[in-house]
2 protein chains.
Amino acid sequence: MELKDAKEKFIQSWGNLGSNWGVNKTMAQIHALFLITDHLLSAEEVMEELQISRGNANMNIRALIEWGLLYKESIKGERKEYFRGEKDIWLVARRVIQMRQRQEINPMLNVLGELKVVETNPENKGEAAKFIEQMKQIEAFTQSADRMFSKVASSDEKWFWKILMKLMR
Amino acid sequence: MELKDAKEKFIQSWGNLGSNWGVNKTMAQIHALFLITDHLLSAEEVMEELQISRGNANMNIRALIEWGLLYKESIKGERKEYFRGEKDIWLVARRVIQMRQRQEINPMLNVLGELKVVETNPENKGEAAKFIEQMKQIEAFTQSADRMFSKVASSDEKWFWKILMKLMR
DNA sequence: CAAAACTTTCAAAAATATTTGAAAGTTTGA
DNA sequence: TCAAACTTTCAAATATTTTTGAAAGTTTTG
């Protein structure tokens, strides 16, 4: 395969992967473009490369910055904004974990907190007790997963590899 | 909050959570209904409870069975099919991990395998080398994550808690 | 075997998510 | 201060995903 085609294929595949991990397709494609580009790129160049509209480029670049996957940089004497992508794939993973914790796990934990204090009427005592029990189980599991994600998201790569070794033996 | 409302809220929230984890909303809602129901339910009853169409119920029940989150059961003397939900939330998580490995991680690993052997022409030597290097990094990380998921997906709950303890200290 | 009871399919409709691009907004420099 | 250079916004258009429901398919039973 030619380099040009390989780059194209990588951008497409990264886009598909992203859309399963809470990053929309264009957002992931922009990120992929930066992963395989060494120099800074302007919004204009991103539009050009990926054949997307100005608005789309702008929105998704902002989102990537929000996620900590892209950095704004200036070139002295240039008025235009330029961007640099986060290339460290371990850091990328940590950022994604962090964002998903915020957007999904925390809200779910809040709901579970509410639900496990449902009121028990005399006539549905047993049913309510079972419901509460199930909510507690789900809450306990979710909290553990949450803590584990927090730990991973705040650890460095060395720690991760060490843990991985331990897990695998 | 009343039990009825709590159940409703749980179904909605589980639906939202699901749609971020590769399980579509109705599929997750059906699963939620089973999580908080002790007896068997027929497709008819699921349709009724969640106010969804026959086709929708059928499709998503099949998908849940495919994912290993629902089991088909018979009631003797009854012609209708009944279903029972997987309630063990740890097992549910493992099944979801397994499915996502299959659907996302494996295809990505295949693509990365192809891309890292891109041909190097004399005129783009340096560029190609950098691209290959980046692909290798991403591949190494993805493989590790993949192995870790495999381990988790095939382990029992006790192992999980033990690891969790280790991680947290 | 026929028809009742039930399940599956799938094309069309509806709902949801994403993208566009023109217009409005902002910043900079002369 | 103004206008050029650039960025942001957002309503409408497009694309994608999900849902519907009627029709076709299958199984069971009398």
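Throughout, protein chains are lettered first and strands after them, A, B, ... in sequence-line order, and every chain is numbered starting at 1.
Per the geometry, CG belonging to Asn60(A) stands 16 Å off P belonging to dT7(D), to the nearest Å. Here dT18(D) presents its P atom at 11 Å from CE of Met27(B), a figure rounded to the nearest Å. Rounding to whole angstrom units, CG of residue Asn24(B) and P of dA15(C) are separated by 16 Å. One atom, NZ of Lys72(B), and another, P of dT27(D), lie 11 Å apart when rounded to the nearest Å. Taking atom NZ of Lys76(A) as the reference point, atom P of dT28(C) lies 18 Å away to the nearest angstrom. We find that CG of Leu50(B) is positioned 16 Å from P of dT18(D), with the value rounded to whole Å. For the pair Ile52(A) CD1 and dA15(D) C1', the interatomic distance rounds to 15 Å; values are reported in whole Å. Glu44(A) places its CD atom 12 Å from the P atom of dA5(D), with the value rounded to the nearest Å.
With dT18(C), dC10(D), dT7(C) as the candidates, the nucleotide lying closest to the side chain of Glu81(B) is dT7(C). When each of dT7(D), dT20(D), dT7(C) is scored by its nearest atom to the side-chain atoms of Ser53(B), the top-ranked nucleotide is dT20(D). Distance from the side chain of Arg54(B) is smallest to dT8(C) among dT8(C), dT20(D), dC6(D). Distances were taken from every side-chain heavy atom of Arg79(B) (C-beta onward) to each of dT7(C), dC6(D), dT28(D); the shortest belongs to dT28(D).
The side chain of Thr26(B) contributes no N or O atom lying less than 4.0 Å from OP1 or OP2 of dT18(D). At the phosphate of dT8(D), OP1 or OP2 sits under 4.0 Å from a side-chain N or O atom of Arg62(A). Taking 4.0 angstrom as the limit, Asn56(A) places a side-chain polar atom (N or O) nearer than this to OP1 or OP2 of dT20(C).
Formation of a donor-acceptor pair under 3.5 Å by the Glu45(B) side chain with backbone atoms of Ser42(B) is found in this model.
If you check the side chains of Asn110(B) and Asn106(B), you find no donor sitting under 3.5 Å from an acceptor. In the model, Gln101(A) has a side-chain atom that pairs as donor or acceptor with a side-chain atom of Ser150(A) under 3.5 Å. Thr142(A) and Glu139(A) share no side-chain donor-acceptor pair at under 3.5 Å. For the 3.5 Å distance criterion, the side chains of Glu104(A) and Trp21(B) qualify, holding a donor opposite an acceptor.
Toward the 5' end of DNA chain D, the nearer of the two residues Met59(A) and Lys80(A), judged by each one's closest nucleotide, is Lys80(A).
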